[in-house]
Visitor: 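One structure is given below, represented as structure tokens, and several questions about it will come after.
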Amino acid sequence: FRRVLFRSLNINGGTVLANNIVAGGSTNIINLSNGILSITNVAGTPANPISTFSITNSTLNLSPVGATNVEVTSLNLGGSAITVNIGSLPGIPVYPVTLPLIKYATLNGNAALIALGTLPPATTNYQGYISNDSAGLFIDVVLTNGPTGAPLRPPKADTWNGTVSGYWYTTTLNWIR
């Protein structure tokens with residue numbers, strides 16, 4: 001993928017699918033109006049947050065990645081409804097669990113406009129809601145029920161070295177981790 005540095009991203013009635021949104025320059029603005037913004041990783045960082053993120057009557061698709069999905073200085077909420085869909089979730093060992101979605105310094109507008117939309121399909125349906133942690137300055141998804149499991153571990157590479165027999169068998173000691 002390629003990172004694109006921007007100063008202004010305006011989505012008016014359209015859809016943007018983004019892996020990462022990197023804050024470049026001194027003032028960075030995202031305006032989302034009657035549109036859809038899907039972020040698979042993060043937008044902004046604690047060191048370089050998005051300056052202003054304005055959301056009006058739109059849908060935000062996020063996947064909690066272990067870090068806050070969106071870091072923003074000023075979060076502006078407007079219109080009549082803002083939907084947050086969750087595309088994927090990490091392994092969750094116990095409920096309830098709070099996952100931060102948006103970190104803000106200033107909130108303008110009514111956080112009650114934000115509603116939880118869809119959650120990923122699972123053998124036991126996820127249940128939850130959106131919460132505004134005004135003390136911690138986060139918009140969170142709080143999950144109250146769903147499948148339990150240990151957090152997923154990153155995959156490990158297996159290496160075949162052929163020192164035992166030179167044959168490609170999975171039962172010999174030719175495989176190392």
Side-chain angles (χ1 to χ4, degrees), residues 6 8-23 28-46 48-149 151-152:
F6 72 95
S8 181
L9 174 60
N10 297 302
I11 306 163
N12 189 3
T15 300
V16 170
L17 308 174
N19 187 21
N20 290 305
I21 298 176
V22 178
N28 304 284
I29 300 169
I30 300 174
N31 293 310
L32 177 59
S33 179
N34 300 302
I36 299 169
L37 176 58
S38 298
I39 304 169
T40 52
N41 287 311
V42 297
T45 64
N48 285 320
I50 305 299
S51 301
T52 303
F53 188 8
S54 299
I55 310 171
T56 304
N57 296 328
S58 294
T59 299
L60 192 57
N61 297 323
L62 301 172
S63 294
V65 293
T68 304
N69 285 111
V70 179
E71 296 271 354
V72 62
T73 302
S74 180
L75 179 61
N76 303 320
L77 306 175
S80 59
I82 297 166
T83 302
V84 174
N85 296 319
I86 305 298
S88 64
L89 289 163
I92 298 172
V94 65
Y95 291 90
V97 64
T98 300
L99 302 171
L101 300 175
I102 303 171
K103 171 72 172 159
Y104 60 86
T106 303
L107 173 65
N108 301 303
N110 185 358
L113 291 173
I114 304 174
L116 182 59
T118 61
L119 291 163
T123 54
T124 302
N125 289 336
Y126 288 103
Q127 295 174 334
Y129 56 91
I130 296 291
S131 174
N132 177 27
D133 176 358
S134 58
L137 305 176
F138 284 98
I139 302 294
D140 301 317
V141 61
V142 179
L143 299 174
T144 57
N145 192 32
T148 56
L152 299 176

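Nothing here was measured: the structure is a model prediction, and the numbers come from that model. Sequence positions, counted from 1, serve as the residue numbers for this chain. Values below: all heavy atoms of this structure, side chains included; hydrogens, waters and symmetry mates excluded.
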Visitor: For Pro49 and Asn28, which heavy atoms make the closest approach, and how far apart are they?
Guide: O-ND2, 4.3 Å
Visitor: Please round to the nearest 0.5 Å and tell me the distance separating atom OG of Ser33 and atom CG of Asn10.
Guide: 10.0 Å
Visitor: Residues in side-chain hydrogen bond (donor to acceptor under 3.5 Å, both in side chains) with Thr124, at least two apart?
Guide: none
Visitor: Within this structure, what is the CD1-OG distance for the pair Ile29 and Ser51, rounded to the nearest 0.5 Å?
Guide: 7.0 Å
Visitor: Using side-chain heavy atoms (C-beta onward) and a distance below 4.5 Å, is Leu9 in contact with Ile50?
Guide: no
Visitor: Do you know the tightest heavy-atom contact between Glu71 and Pro46?
Guide: OE2-CG, 3.6 Å
Visitor: Stepwise, does the side chain to side chain contact (heavy atoms under 4.5 Å, CB included) test hold for Tyr129 with Val142?
Guide: CA-CA 5 Å; Tyr129 56 91; Val142 179; 3.5 Å; yes
Visitor: Considering non-hydrogen atoms only, spot the tightest contact between Leu77 and Ile114 and give its length.
Guide: CD1-CD1, 3.7 Å
Visitor: Closer than 3.5 angstrom, by distance alone: can the side chain of Asn19 be matched with the main-chain N or O of Thr40 as a donor-acceptor pair?
Guide: no
Visitor: Report the residue from Leu60, Leu119, Asn69 that forms a side chain to side chain contact (heavy atoms under 4.5 Å, CB included) with Ile86.
Guide: Leu119
Visitor: Output the distance between atom CD1 (Ile21) and atom OG1 (Thr45), rounded to the nearest 0.5 Å.
Guide: 12.5 Å
Visitor: Holding to side-chain contact (heavy atoms from CB on, under 4.5 Å), I want the full list of residues that pass it with Asn125, two or more places apart in sequence or in another chain.
Guide: none
Visitor: Could you list the donor-acceptor pairs under 3.5 angstrom formed by side chains in residues 130-140, with sequence neighbours left out?
Guide:
{"from": "Asn132", "atom 1": "OD1", "to": "Tyr104", "atom 2": "OH", "distance (Å)": "2.5"}
{"from": "Asp133", "atom 1": "OD1", "to": "Ala135", "atom 2": "N", "distance (Å)": "3.2"}
{"from": "Asp133", "atom 1": "OD1", "to": "Gly136", "atom 2": "N", "distance (Å)": "2.8"}

Visitor: Any chance you could measure Phe53, atom CZ, to Leu75, atom CG, to the nearest 0.5 Å?
Guide: 7.5 Å
Visitor: Might you point out which heavy atoms bring Pro90 and Pro64 nearest each other, and give the distance in Å?
Guide: CD-O, 4.0 Å
Visitor: Under the side-chain hydrogen bond (donor to acceptor under 3.5 Å, both in side chains) definition, can you give me all pairs with a residue in residues 106-121, not counting sequence neighbours?
Guide: Ser74-Asn108, Asn76-Asn108, Asn85-Thr118
Visitor: Under the rule for side-chain hydrogen bond (donor to acceptor under 3.5 Å, both in side chains), what residues qualify as partners of Asn12, not counting sequence neighbours?
Guide: none
Visitor: Answer whether the closest heavy-atom distance between the side chains of Val84 and Val141 falls below 4.5 Å.
Guide: no
Visitor: Could you state the interatomic distance from CG (Asn34) to OG (Ser58), rounded to the nearest 0.5 Å?
Guide: 5.5 Å
Visitor: Who passes side-chain hydrogen bond (donor to acceptor under 3.5 Å, both in side chains) against Ser38, sequence neighbours left out?
Guide: Asn61
Visitor: Run the side-chain contact (heavy atoms from CB on, under 4.5 Å) test against Ala122 and tell me which residues pass, sequence neighbours left out.
Guide: Tyr126, Pro147
Visitor: To the closest 0.5 Å, what do you measure between CG (Leu62) and CG (Asn41)?
Guide: 11.0 Å
Visitor: Not counting sequence neighbours, which residues clear side-chain hydrogen bond (donor to acceptor under 3.5 Å, both in side chains) with Thr15? List them please.
Guide: none
